[in-house]
Participant: 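Let me give you the structure first, and then I'll get to my questions.
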Amino acid sequence: MAYIINRVLSVLLTLFLISVITFAVTNILPGDVAMMIMGTQSNPEALAGLRESLGLNDPLIVQYGRWIGGLLTGDWGHSLVFREPIAPLIAQKVVASGVIVVMSMTIALLFAIPLGVWAAIHRDRWQDSTASTSALVGVSLPDFFWGIMLILLFARALGWFPSSGFVHPADDLLGAIRHAFLPSLALGLGLMAHLTRMTRSTMIGIMQQEFIRVARAKGLAEREVVWSYGLRNAIGPVLTVAGLQVGYLFGSIIVVESLFNYTGMGWLTYQALLNRDIPLIQSSVFVIAAVVMLTNLLVDLLYVVIDPRIRLS
Amino acid sequence: APRIASAQTQPVSGGTLIWGHSETTQNLDMHQTGTASTGRVLQNVHNSIVTVDQDLNVIPMLAESFEQSDDGLTYTFRLRPGVKFHDGSEMTSADVKYSFERCANPDTGAVNFEVFNAVESIDTPDPLTVVVTLNQINAPFLSRLAENGAGVIMPEGSGDVQGETPIGAGPFRFVRREFGNEVELERFDDYWDGPAYLERVIAREIPEPTVRLTGLRTGELHMINDIPADRIGEIEDAGELQVVKWFPLNWDFVNLNHTFEPFQDARVRRAFDMIIDKEVLLEGALWGQGAVTASPSYPTSASFNADLVQRPQDIDGARALLEEAGYPPGSLDIVFKATTNYPYHIESAQILVEWFRMAGVNLTIEQLTWADWLSQCWVDRDFQMTMMNFFTLWEPDFLYYSLFNTVGAFNYRSISDPEIDALTEEARITVDPAERAEIYKAVQQRLFDEAHDIMLWFRNGSIGAQPSVGGLDTIVHPNGSNLNFHKVWLNA
Amino acid sequence: MRSFMTGKGLLGGGIVITMLLVAILAPIFIPDTFATRMDMRARLSGPSLDHIFGTDQLGRDLFYRVVLGAQTSVMIAGAAVLMSVVIGLPLGIISGYYGGVIDNVLMRLVDTLLSFPALLLALTISAVLGPNLTNTIIAIGIAFTPFLARIIRGEALRVAQMPYVEAARAAGTSDLKMIIRHVLPNIMPAIIVQGTISLAFAILAEAGLSFLGLGTQPPDASWGLMIQASRDYLDVAPWTALVPGAAVAITVLGLNMFGDVLRDVLDPRTQS
Amino acid sequence: MTPIINIEKLRVTFGKGDEEVTAVKDVSFSINPGETVCIVGESGSGKSVTSLSLMRLVEFGGGTIVDGRMTLAGENGAIDLAQADADTMRDIRGDEMGMIFQEPMTSLNPVFTIERQLTDGLRVHRGLTGQAATKRALQLLKEVRIPEPERRLKQYPHELSGGMRQRVVIAIAMACHPRLLIADEPTTALDVTIQAEILALINQLKRETGMAVMFITHDMAVVAQIADRVVVMYRGDVVEEGPVEEIFANPKAEYTKALLAAVPRLGEMRGKAAPEPLRLVGDTAPPKPITPRETPELLLEVRNLTTYFPVKGGPLRRHVANVHAVEDVSFTLNKGETLSLVGESGCGKSSCGRSILRLVEPTSGSAILDRKDVLAASHRDLRILRRDMQMIFQDPFASLNPYMRLSAQVAEPLRNFDLARGSELQDRVAALFDRVELPRAYMRRFPHELSGGQRQRIAIARALSVSPKLIIADEAVSALDVSVQAQVLNLMMELQADLGLSFLFISHDMAVVERVSHNVAVMYLGRIVEIGPRAAVFENPQHSYTKSLMLAVPIANPRDRKQIGDLNFKPIPSPMHPLSYTPEPSRYDTVGPGHLVLREG
Ligand SMILES: Nc1ncnc2c1ncn2[C@@H]1O[C@H](COP(=O)(O)OP(=O)(O)OP(=O)(O)O)[C@@H](O)[C@H]1O
Ligand SMILES: Nc1ncnc2c1ncn2[C@@H]1O[C@H](COP(=O)(O)OP(=O)(O)OP(=O)(O)O)[C@@H](O)[C@H]1O
Ligand SMILES: [Mg+2]
Ligand SMILES: [Mg+2]
């Protein structure tokens, strides 16, 4: 229990630090949103007026206070470019990204774990080299490369999946999954490669442990030794790494979502950055960092469930 | 005028057309929005008081008729009776007065507010009559009303909601927008010019060209605008899809900052012009989808100076000219700022680098996001050389005054040429169309001689569509930029 | 050196050395105009005798572009990783070796930074600083720093608890000498291995930034930029992506293998 | 009588081609029903590989049985295990043959409950599931005498102490009543008292079930206590085999002789006043006793040394409790003498030694070394003081920097104190290599290029380099094979005689302690419970803990077998106390000259 409280407290502290860093960084971005709103119609006087009315001329600490106060009270302000309240906008995009993050993670784990285990138990044999090399090729190519290839194969040549767009799962669950599939796969391939390597090395370490020998000495079938005795121990570290990869995923969605025109958090953040939509950048970067951190918290707590050793300390 | 590839069928009513839109819509307030992407969609929601025909003559629209007093200071609009707005109200002169005043009010932040600069009063003697009085002659007033935005009529008091839920008198009602994802429009059955065929139009915003094209090919989309230039030929040849091409969509030019010392010398500017082979550049950047021009005037407009011919590429001549101006090879280091918002600008820049190297000028590319380009080049005018495109500003006052007059709102190159200033001022108060046209031709000549900017080309517009889409010949607005779905239909 | 003579070692080492040689030598022997020379008549043409890897959308020879682009990609990745090591190393060592309050403060900060996806961090930094070579390096470097600091800290912490450190302390070794003589050499293999893997990631990160227009600036060639430029032509000219893609893949593959083998080679225990 | 298992000409290799190593060359022996056969030999002699081959587990570690037969007698005829297929082996493993491994800490799967791990074998071999399996598991825990067996079933391995874990491992191996139990160093990682319990337990189970036991160990004392027959292995070969008395009384093979000579035997030193080096095979001169000086001269005086380690807890990681690692410890050490600190794992021996060196900061007390208080010294003075006191650690490998050449490691203290430079430094390092009898050619080597004993010599050379007055040797020989251990011990004693060094010798091996000490202090729960001259403590232990410790120590003499009854499992209380806890001061009774015993209350 103390462990959990401890983790939660440190999460709160980190959230605060995240908000400070986010705010600081966004405030040194060059260019501003007034310009983006006025576009090619900008002129200095109109810009000055717009800046004033947007509160861009207040001292930074006032702006920070206003922002953080708003965050806490649920008033996240308006996106300057999108002219919409930020909170519902982000809420919707988080769902969109959540779908592909979860799907790509699922796809990745579903393939990575068996593949990694398989490579580990055939260590240094052809199975291992095959799995390891294909994993390496997977990590060696950028997600957008996979993305384009998948579009060409699955959308263009085979026509199995739509090539772009987003459907809200509440409107049409199947449609949502169909639209999210290709971006998820594009993300999942790199991730899968990564997790395969991780599973492999963890499993190799575990299969050398004494308790594995004990399990064999009991006369257990090799299947059980590997998939139950071995894997149960590997799952914790693998999940932890998977959790850490959520951060990487939230980075990659910026590219993949723009590619697939899948309007999620990555796309939103990128648009916000391009348009210098400071309130939106702040909130979406903050939300991404917070989601990444909370996922890791979740994984840590899950670890407590998986590994009884953590429960006491 | 649009050229249509496939045979037409009889119009049918109903259906939802899914359009892969090449850009993201922004602020939906037609007065405030400056982006062509938004205008392209809102064209279907709003109607203007007047509009233009294919030959760019101003013609009635929501006004049944209009007349100008002999002194050129009073305009009287007679409104079409029984025009309904999407909120169910009927259009009256009060709505027109409201719309004009809203646009003119600086607090609104309307991009076209200067159209009303000379307006002294707007009177509404009866519900169907509007009288606008100017305090000085403003020759382009009517055509500026027909231009995007300024002449749009909104129901009285609807200003506050226009940004999020635009209300107009157009053939389609705005239903919803998921920002950056799609806009949904629905047929407005009470449209004054008769209801549209289509039940619904969904504009999916897909900036990535490959993805957009794939969507069309797989049938996820009924039509797309802006087919990737290199793919047009191939699609036309395949013949499975309709291709609509029109000329022009917009025009491009290379900008030289006149506050940058070397560019204050006309010889340097001319030399730079000579370095560029516009035909090859057009081929390289846009796969030839356009036509080079020495003048930015709308090619079919009366003021277009057809006598001007591009300087042919002459690297040696350029070298000599530069040498003469005091810039021997290797002495000029120039940063070329290009925005990633227009990928073909980046391609152009890369080609330019090669030619300029041959001419002894060292060109370095700096890629800017749209926001950075606006901030650095447009507002701060902090650049040496850049490239931009404008949607065809067929209204010459708008084009030449704002872009080339010393005090012009779009004069981000800081051009200051007394001759051009005088000519553009004069044109404003010249009522006779023929006379005005001559003045603008003189402006074009002067621009060409001085090489204030380097004119490149008019770019083609293109639409790709499934065979099931009918009525594509009506879709492109005469201004070459907007799309109108009023007479478009979908075969089952 | 025996452990280098394995198949993996030879292949990994060979790839890395080849890439380094290409990155260093190509610009010396091949004029850099070869990478930007255009041929409008041979745009998007497939591999042929004239252009063994084909050409891109501006008719530039992909062989020369990929060969001359090696320098940019390798340099950006190398400099960025170097930068993150230079910053991360002292941070990590101080944190891990001294522990206590310094460690708590530094690691909280590192944790916070780690919550920002590296690409997002790099993207934001790039946007702040503007796109050019140096800033790309800085952006990737900063984005990678917390990650490296974390790993180095873990290693330093492990080493600081080793009996030989205690033995050295009992022998009167001061903290500074302890770090130089004992901690650094023992964490170096981990850093180098992590470094090679980070290099691979940095190459991909540069590609990602270029994809979003914030990395290398045209007409310079970098692998990332080449892949990004190819995206519109993939269905008609797949080689425009496959050529730089393969260069990235092979290099990353080589780096990974090299890293694995380095781990063994650097350890005096596995040398004989 | 037909043997249960008969091994003939077993040969096992690892790796392929150039890399091939033969771990077991030619091993033949057999085990009869109800018999305990001990396999002894130094580290790496192939003991474990032999046992793993028998279970056919060696293949999983990359080994290959290239030759030989391993005949297992069964009701329906004999099977050659070397040829048996995977299914047959699975049926045999855990059913006919059970195995216990060396490391109780890692032998259990950390993420499964004890119950699950106990019932797996029952399910596979007996088809027991659910209630029935649980019942049998409970019964097994009772058989291995685990306290509160019901609760243990639901617990996870980390919630059990080392001794309990090893009992669980035994229970797992015994689950299906195997006919042969293979135990690979099952007690090496355990304290002597727990070792005694485990040995007694195995003995008892053997008697109850009539199974045969193959017991692997390198501890000759354990062999003497439990073996019926002994197989001596050396570098993959069986060099000698015979009944246990025969082997001890009349070893034939040279290796066996050397091995037995190197084993210190508890009680050997009875009646001798001063410590004496071991007389190894091949030594000609009789060992010279290490007599203390005529007039004892005080070197180190430790007074009321107390060291607590803070325990952080709660959400804010506040200081909530203390581990009382060293509690009010006082003793003195004279020049040229050895004081041994003995006691079981976790009793605070190392903490005591490290506190004196200030490698951990003590909570209170004083340690006066040659009239200077180490514990009160400023950081600058401390560095200077450390010239006079050096340390040798348990793990010879871990205490040397793997990335540093040996000469540099030995020279490090000299360079730290700037005692020598350049060629003088090299000369002094070379002299130190001579001193610890290592060839000078080794100076350029790295630690991994040396054997364990050689590495420990380097550690000794490093400690000697600054000519300290005091060396704290923390389990300095515990990790070494007996023969190597004897050599290192002799070296240390020789140095003491030559240089007048004082040793604070920390160890848990009573036989070694008896051999090397002038004085002995027994620690329990952070306190010294008994201290005095070696003879007094060993021959006349007074404190109840010292007595039980002495009783538990196995004696390397098969004629002197201890009939240890079923010792009650009595876990050592935790040294962790809340902040508010104030311990009693240590009060001692004098029972003889210099022989003090903690008052028990
Ligand atoms: N998996 C393996 N791969 C390669 N060599 C091995 C392997 N396992 C054991 N060996 C080698 O086989 C030889 C015998 O090892 P084994 O473990 O049987 O020794 P041991 O007598 O049990 O020693 P210890 O007392 O240290 O446990 C050693 O030289 C060892 O290095
Ligand atoms: N650095 C430390 N922090 C917290 N507790 C410690 C630390 N070092 C030792 N302890 C605790 O202090 C007690 C005494 O440990 P110490 O290492 O001195 O025992 P020991 O007698 O040397 O045991 P062993 O024979 O296992 O080496 C133990 O309970 C141990 O867990
Ligand atoms: Mg062994
Ligand atoms: Mg200890």
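Here is how names work: the chains are called A, B, and so on, in the same order as the sequence lines, proteins then strands, and each is numbered from 1.
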Participant: Just by distance, do the side chain of Asn401(D) and the backbone of Arg181(C) share a donor-acceptor pair under 3.5 Å?
Facilitator: yes
Participant: With a 4.5 angstrom heavy-atom cut-off, could you sort out which part of Arg358(D) is near chain C: side chain, backbone, both or neither?
Facilitator: neither
Participant: Check whether Leu357(D) gets within reach of chain C through its side chain, its backbone, both or neither, counting any heavy atom under 4.5 Å.
Facilitator: side chain
Participant: Just checking heavy atoms, which of residues 156-166 of chain C are less than 4.5 Å from chain D?
Facilitator: Pro163(C), Tyr164(C), Glu166(C)
Participant: Could you tell me whether Arg108(C) atom CZ has more than 12 heavy atoms of other residues or ligands within 6.0 Å of it?
Facilitator: yes
Participant: Of the non-hydrogen atoms in Lys177(C) and Arg415(D), which two are nearest, and what is the gap between them?
Facilitator: NZ-O, 4.3 Å
Participant: Can you tell if the side chain of Ser174(C) reaches within under 4.5 Å of the side chain of Asn416(D), non-hydrogen atoms only?
Facilitator: no
Participant: Count the heavy atoms belonging to other residues, nucleotides or ligands that lie under 6.0 Å from OH of Tyr97(C), then report whether that count exceeds 12.
Facilitator: yes
Participant: Would you mind telling me which of Pro189(C), Gly172(C), Ala168(C) has the largest number of heavy-atom pairs within less than 4.5 Å of chain D?
Facilitator: Gly172(C)
Participant: Give me the contact list for residues 379-396 of chain D versus chain C, heavy atoms only, anything under 4.5 Å, ordered by residue number.
Facilitator: Arg383(D), Arg386(D), Met389(D), Gln390(D), Met391(D), Phe393(D)
